[in-house]
There are 2 protein chains.
Amino acid sequence: MTIDDAPRDALRGGPRELLRWVATGAAVSRADLSRLSGLSPSTVSQRVEALISQGLLEETGAGRSRGGRRPRQLAVPTGGAVVGAIDLGAHHARVGALDLSGRVVQARTLPVRIEDGPEAVLGALLAEVATLVDGDPAASRGGSATGALRGVGIGIPGPVQHSTGRIVSPSRMPGWNGFDVAAFCAGRVDVPVIVDNDANLMALGAHRTAHSELDHAVYIKAGTGIGSGVISSGRLHRGAQGSAGDISHCRVVADPAPPCTCGNAGCLEAVASGAALVTALRGQGVPVSDLTGVIRLIDDGDRQATALARQAGRAVGEILAVVVNFFNPQVVAIGGRLADCEPLLASMRATLYERCLPLATQTLLIERVAAGQDVGITGAAHLVIDHVVAAA
Amino acid sequence: MTIDDAPRDALRGGPRELLRWVATGAAVSRADLSRLSGLSPSTVSQRVEALISQGLLEETGAGRSRGGRRPRQLAVPTGGAVVGAIDLGAHHARVGALDLSGRVVQARTLPVRIEDGPEAVLGALLAEVATLVDGDPAASRGGSATGALRGVGIGIPGPVQHSTGRIVSPSRMPGWNGFDVAAFCAGRVDVPVIVDNDANLMALGAHRTAHSELDHAVYIKAGTGIGSGVISSGRLHRGAQGSAGDISHCRVVADPAPPCTCGNAGCLEAVASGAALVTALRGQGVPVSDLTGVIRLIDDGDRQATALARQAGRAVGEILAVVVNFFNPQVVAIGGRLADCEPLLASMRATLYERCLPLATQTLLIERVAAGQDVGITGAAHLVIDHVVAAA
DNA sequence: TCACTTCCTTCGACTACAAAACTAAGTCAG
DNA sequence: CTGACTTAGTTTTGTAGTCGAAGGAAGTGA
């Protein structure tokens, strides 16, 4: 199924925004919404009515008075697991069932063998989504229209053409090239399936969670691979081919320049990704098997591992410096498993401050992505919710 | 005076867009506009009426029949020089008077000595604008409301906070730091003055002229200095501080890394700008005095100059590769005086194709900015026109 | 001359939103 | 515990923007 881009009303008083204000707790009553959105009370009432009738919003009794009539409290129906989300990683997938507010109701991490191919992997994950959604006690209690699955969002650790849902020459996913994820899933579930790059989903999740008031943001996902997601004017920027944010094969100075899976040498991914760190440490005779091991070594203060982490941080900072000068975002946040790695973060920060225009870093926030391991599925859910609300 | 950002209706059938379609010749009649915009004939008629009554549009008799009633031709009042524009450069300024369609009515290039300070320079240029506008024969003929000056747009070769019109730590403009251009000009002319970075204006001019149907574009301005302008979702992306596109101090690999005016070494500007080429050639004992001389040498096939141009092209390509991977534009165009320098362009292209994700370059256009020396003032005029139409 | 096309306007209807009036339900001072 | 005031939300009415249908204007072509 083909999904067009996020519609215009995303900003400024659209139903989507009303919903989000309620979901985030910024608004509790119709009066709040009226104040926040600038819409007249009558219009808000009308829209709220519509949202309630669609099951996207509900009344939850009266609130505390503020000196007059008590507000009729609004809430996004919680506990109803109505959105499925899959955040596929190199070795694991985070699968979740979320409610309409974007809150995680149920989630679990599953081991994944990408090399088993798309059918096997996605089939198993979709089954798990179904289990999680059905297993939600609230849903089985109620079971009515409100509790029904409304859509599934999927994040893929590689280039995805969001418009078609097709995977395009991924570097670490043998057997997935050209696979039409959306079409495959459409055959298994009868709700909309939205596919996007994992870094994009992280960006969306992090932005909606922590930075919704900022216009321009860049999120780096540093895990086994390395990628980024871009928010421009409050919306996900996917670019012409949908490959925006894919900085993994940007060249960085490194001596020696390690060869990359793409055939070139000195790619950011070959220097700063989790996979690269594992390879490099092994090459130095350190017996690590995976990224977890590397992170443990760094946390333990291992000299070799720390040096590599610093180098990785510098490399990320180098690329990010160009990005920050060019794009001038309000915030740069780093997520993924390497985000908790202090030496990497520190040298990334240092490089950024050293190499950027003072004007660009003057008020720039450089942060860790806060939302933890559920950012990805949160972002996926938001994408689905936006689509559902737009279609309503 | 403070100017807020381009309003929302810029896209999709707003008065601005109608005007532009007429200005570009894409539409000649109300029927054309209806087809192009998707608006109903009645709505178009109504809007056109409003635009005509504001003097922003006029009827110019009947057109050729296409098998039925002849269209009542529409046109933007031409010949009336109603927008002033200044494109300030390091040594010269292009000053122009343009009509509401963005066409240049009168323009001339003046020598400028930036070091004389903002008051002297801007004072002289504003006077010249007044002369050009008044000197327009059509304006003095008609002289009515239509021919009155509606606004002035100014491009500055350094960082500008577009929202306030203030210059922020420019690297090659001694005495200009912190100067409030908009406030200064507001005291001299009684129409809106809009100030922006010169690269942004070039980007806007080039996009409106040649790529108006593309969503995402990057324009490099390579002259005495080096900068870029970014179009995201059809609109100028200025970023958080308004410094977006300022890639002049991104570091590139160069051996030896030449020192930059900013205090660092190896900045793009210190390797690939016109000023850098002059300095480098002089350092090699070649007696050139300015950029014109360098370009002549390159055109003549001088070995040293060509080698430097190639190095410059590689440097630009290196940075641009990151930008293209990150931003994934539909087009990258290079303008400024160095854009006509073949060796530079060629090695930039080569570097770009070598270093970018195939997905990102697959359909990427890499071009020269077409509009010539008037792109800047054209962009400035568009900014002013957009503002005028929005205010109407 | 008549059917048909294209261009544009007029008019009625619909929609989205707002302003004002009104109902509902509370607080608080005396 | 009563009446003035406050806040919340609905209903009613009005207005602006847009569309669709119908129709007038002005042409072409058989």
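The sequence lines fix the lettering, A, B, ..., with proteins before strands; numbering per chain opens at 1.
Phosphate contact (OP1/OP2 of dT18(D), side-chain N/O of R47(B), threshold under 4.0 Å): present. Contact check, R72(A) against dA24(C): no side-chain N or O comes under 4.0 Å of OP1 or OP2. OP1 or OP2 of dC7(C) lies within a sub-4.0 Å distance of a side-chain N or O belonging to R35(B). Listed pair R66(B) / dG27(D) fails the phosphate criterion, with no side-chain N or O lying under 4.0 Å from OP1 or OP2.
Looking at heavy-atom distances under 4.0 Å, P71(B) makes contact with sugar-phosphate atoms alone, never a base.
Where R70(A) and G67(B) each meet DNA chain D at their nearest nucleotide, the meeting point lying more 5' is that of R70(A). Nearer to the 5' terminus of DNA chain C, by closest-nucleotide assignment, is the contact made by Q46(A) (compared with the other of G68(A) and Q46(A)).
Comparing atom distances between the R69(A) side chain and each of dT18(D), dG9(D), dC8(C) picks out dG9(D) as nearest. The nucleotide whose nearest atom lies closest to any side-chain atom of L39(A) is, among dA25(C), dA18(C), dA16(C), dA18(C). Side-chain proximity of T43(B) to the nucleotides dT6(C), dT23(C), dC19(D) is greatest for dC19(D).
Below the 3.5 angstrom threshold, one finds a donor paired with an acceptor across the side chain of S42(B) and the base of dG20(D). Between the base of dA25(C) and the side chain of S65(A) there is no donor-acceptor pair shorter than 3.5 Å.
No side-chain donor-acceptor contact under 3.5 Å links E59(B) to the backbone of L74(B).
Aromatic ring orientation, F327(B) versus H216(B): perpendicular (interplanar angle above 60°, classes split at 30° and 60°).
Using a 4.0 Å cut-off between charged side-chain N and carboxylate O, R235(A) and D386(A) make no salt bridge. Using a 4.0 Å cut-off between charged side-chain N and carboxylate O, R66(A) and D32(A) make a salt bridge.
Close placement of the H211(B) and Y219(B) rings is indicated, their centers lying within 6.0 Å of each other.
Computed from coordinates, the Q73(B) CD to dG27(D) P distance equals 13 Å when rounded to whole Å. Rounded to a whole Å, the CG atom of L33(A) is 12 Å from the P atom of dA8(D). Atom C1' of nucleotide dC17(C) and atom CG of L18(A) are separated by 13 Å, given to the nearest angstrom. Note: CD (E49(A)) to P (dA16(C)) measures 15 Å, nearest angstrom.
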